[in-house]
Amino acid sequence: MLQVRHLSKTFGTHSVLKDIDFTVCAGDVISVIGASGSGKSTLLRCINLLESPTGGQILFHGSDILEHGNNVPNYRSKVGMVFQSFNLFHNMSVLRNCEIGQEKVLKRKKDLARENALKYLRKVGMAPYINAYPHQLSGGQKQRVAIARALAMEPEVLLFDEPTSALDPEMVGEVLEVMRTLARDGMTMIVVTHEMAFARDVSNHVIFMADGVICEQRDPQRLFQAPKNKRTQEFLLRFLAH
Ligand SMILES: Nc1ncnc2c1ncn2[C@@H]1O[C@H](COP(=O)(O)OP(=O)(O)OP(=O)(O)O)[C@@H](O)[C@H]1O
């Protein structure tokens, strides 16, 4: 479905992504792990074109979306994103947050947008809060609304950029549980995370990054139990020591 080929990104003279290569198939849950500053968020932001890659290809169903003339708005509507900081519209209710993108971007009629918003708010357990405003919600609840909003756009791939990093520890579980359910339902997901248990137990493929490079990518069982790359070994040892 999605192939990232030789992707690079430079900020000024700082090379943040170098020769990134991986493939996403329908139903894949891919976790991207690595130390702070290794380029994980930049990679996600390049995939959904919030950042322009400096080089390489992003093939979506075989066509390179970085090539001039490709339908970028269509691609964007099929690649959803959930941010660390929720990015909800503060002046809108929970329900409106989940309707607005469908109406403005997908041009859905109000009735359909509402029906869909309610469907996904139910899925993440936020239906009782449809009239609440973001400031009335906990961090975990805000993130569940953000997930419902992304799902309501019915993307083919959902990108998560450290979705639990801004949450108090007691709220991490409720968001991870929603993500586990999505994975079980077959949602295609790329998840930048520091939650190693999620990466190990839920994903079918794990990418380990250091200094803008993919050092190792494999199935989680082998990557966690028998990492081949020295930097992966060091990272996992440091992680276990905490
Ligand atoms: N807009 C930008 N301009 C300049 N440098 C940037 C920009 N965005 C990111 N960088 C740099 O790119 C590098 C990778 O950052 P990135 O946020 O992708 O790492 P990360 O692995 O996601 O880190 P973390 O786990 O802390 O979120 C860092 O050195 C960062 O300072």
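Numbering of ligands and ligand atoms starts at 1, following listing order.
Between K119 and E115 no salt bridge is recorded (no basic side-chain N to carboxylate O distance below 4.0 Å).
Side-chain contact between S8 and I20: absent, with no pair of heavy atoms (C-beta onward) separated by less than 4.5 Å.
Put simply, the side chain of D21 gets close to the backbone of H6: a donor and an acceptor are under 3.5 Å apart. Not a single donor-acceptor pair under 3.5 Å links the side chain of R108 to the backbone N or O of E103. Between the Q217 side chain and the I207 main chain, no donor and acceptor come within less than 3.5 Å of each other.
For atom 31 (O) of ligand 1, no protein non-hydrogen atom is found at a distance below 4.0 Å. Under the 4.0 Å distance rule, the nearest protein heavy atom to atom 4 (C) of ligand 1 falls inside the cut-off.
Listed by atom number, the atoms of ligand 1 under 4.0 Å from H14 heavy atoms are 29 (O). Each of the atoms 21 (O) of ligand 1 lies under 4.0 Å from some heavy atom of A35.
Heavy atoms of M209 found under 4.0 angstrom from ligand 1: none, in either backbone or side chain. The parts of T42 lying near ligand 1 are both backbone and side chain, judged by heavy-atom distances below 4.0 Å.
Residue contacts with ligand 1 include H194, since one or more of its heavy atoms lies under 4.0 Å from the ligand. Under the 4.0 angstrom criterion for non-hydrogen atoms, G34 is not in contact with ligand 1. By the 4.0 Å heavy-atom criterion, Q84 is excluded from the residues contacting ligand 1.
Among all non-hydrogen protein atoms, the one lying nearest atom 17 (O) of ligand 1 is S41 CB, 3.8 Å.
The nearest non-hydrogen atom to atom 26 (O) of ligand 1, considering only G212, S36, C46, comes from S36.
Under the 30°/60° scheme for interplanar angles, the aromatic rings of F208 and F235 are found to be tilted.
With a 4.5 Å cut-off between side-chain heavy atoms of Ile, Leu, Val, Met, Phe, Trp and Tyr, the cluster of I100 takes in F89, M92.
The distance criterion of under 3.5 Å between nitrogen or oxygen atoms is not met by F11 with respect to ligand 1.
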